[in-house]
Amino acid sequence: MELTYGRGYVYSIQYHIVWCVKYRYEIILDDIEKRLVEILNKIANDNGFQILECNTEKDHIHLLISCSPQHYIPDIIKALKGVSARLLLKEFGEGLRKKLWEGHLWNPSYFVATVSEYTEEQIRNYIQNQKKK
């Protein structure tokens, strides 16, 4: 677990985040998966947090992120889901819209859990092994 030093404070804040494709449709494949990971990393970079681990299944995504105390988790998730949906629908629109009945890309709900120094390695392994089930 890496500590980050700010002005007058030290922190290590990590979250395990999971969200699903609307209707659990299996659309995160090949080019879409590759592009999704690129988009998520760009969003993280633009918003000042890090994606430590990222892995997908065909119908959901797992992230392990590290952020500062100034970050508000609902804003992070809103950025990740909102921007990625907009860009993926723009780039892969016709095929995705057919599968989603012209609807939204992501389910509106999500899972988030804090990560401690004792559970970080377990969560990293869990995320890395998603496709090996």
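The structure presented is a predicted model; accordingly, all values stated were derived computationally and were not measured.
Linking ILVMFWY residues whenever their side-chain heavy atoms come closer than 4.5 Å, directly or via other members, leaves Leu52 and Phe111 in distinct clusters. In the hydrophobic clustering of ILVMFWY residues, with side-chain heavy atoms under 4.5 Å counting as a link, Tyr9 and Ile13 come out together. Follow the hydrophobic side-chain contacts under 4.5 Å out from Val18 and you never reach Tyr126; the two are in separate clusters.
Side-chain contact between Arg24 and His60: present, with at least one pair of heavy atoms (C-beta onward) separated by less than 4.5 Å. With contacts defined as side-chain heavy-atom distances shorter than 4.5 Å, the pair Ile32/Leu96 qualifies. In this structure, Thr4 and Ser68 have side chains that are not in contact, with every pair of non-hydrogen atoms separated by 4.5 Å or more. You'll find the side chain of His16 reaches within 4.5 Å of the side chain of Ile127, heavy atoms only. Taking 4.5 Å as the limit, some side-chain heavy atom of Arg124 sits within range of a side-chain heavy atom of Glu121. Taking the side chain as every heavy atom from C-beta outward, Ile73 and Ile65 approach each other to under 4.5 Å.
Note that CG of Leu63 is 13.0 Å distant from OH of Tyr110, once rounded to the nearest 0.5 Å. For the atom pair OH of Tyr25 and CG of Asn107, the computed distance is 12.5 Å after rounding to the nearest 0.5 Å. The line from CD1 of Ile123 to CG of Leu64 is 6.5 Å long, rounded to the nearest 0.5 Å. Taking OG of Ser109 as the start and CH2 of Trp19 as the end, the distance is 12.0 Å to the nearest 0.5 Å. For the atom pair OG1 of Thr56 and CG of Leu36, the computed distance is 7.0 Å after rounding to the nearest 0.5 Å. Atom CD1 of Ile61 and atom CD1 of Ile28 lie 6.0 Å apart (nearest 0.5 Å).
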Q: Report the C-alpha distance between Asp59 and Cys20 in whole Å, list the side-chain angles of each, state the deciding distance to 0.1 Å, and finish with yes or no for side-chain contact (heavy atoms from CB on, under 4.5 Å).
A: CA-CA 6 Å; Asp59 64 350; Cys20 301; 5.9 Å; no
Q) Given Leu80 and Phe49, is the side-chain contact (heavy atoms from CB on, under 4.5 Å) satisfied, shown in steps? A) CA-CA 11 Å; Leu80 290 167; Phe49 62 92; 4.0 Å; yes
Q. Can you list the steps and then say if Glu38 with Arg35 is a salt bridge (Lys or Arg N to Asp or Glu O under 4.0 Å)?
A. CA-CA 5 Å; Glu38 290 172 1; Arg35 184 64 179 126; 3.3 Å; yes
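A donor-acceptor contact shorter than 3.5 Å is absent between the side chain of Asn55 and the backbone of His62. A donor-acceptor distance shorter than 3.5 angstrom exists from the side chain of Asn41 to the backbone of Val37, with no hydrogens or angles considered.
Listed here is the closest heavy atom pair of Lys22 and Pro108: NZ-CD, 4.0 Å. Residues Leu105 and Ala85 approach most closely at CD2-CA, 3.6 Å, considering heavy atoms. Minimum interatomic distance between Leu3 and Val10 (heavy atoms only, all atoms of both residues): CB-CG1, 4.0 Å. For the pair Ser84 and Ile43, the tightest heavy-atom approach, listed with the atom from each and the gap, is N-CD1, 4.0 Å. Scanning all heavy atoms of the two residues, the minimum distance from Tyr11 to Cys67 falls at CE1-O, 3.4 Å. Taking every heavy atom of both residues into account, Ile51 and Ala44 meet most closely at CG1-CB, 3.8 Å.
A side-chain contact (heavy atoms from CB on, under 4.5 Å) with Tyr15 is found for exactly one of Val115, Thr114, Ile76, namely Thr114.
More than 12 non-hydrogen atoms from other residues, nucleotides or ligands lie less than 6.0 angstrom from CD of Glu91.
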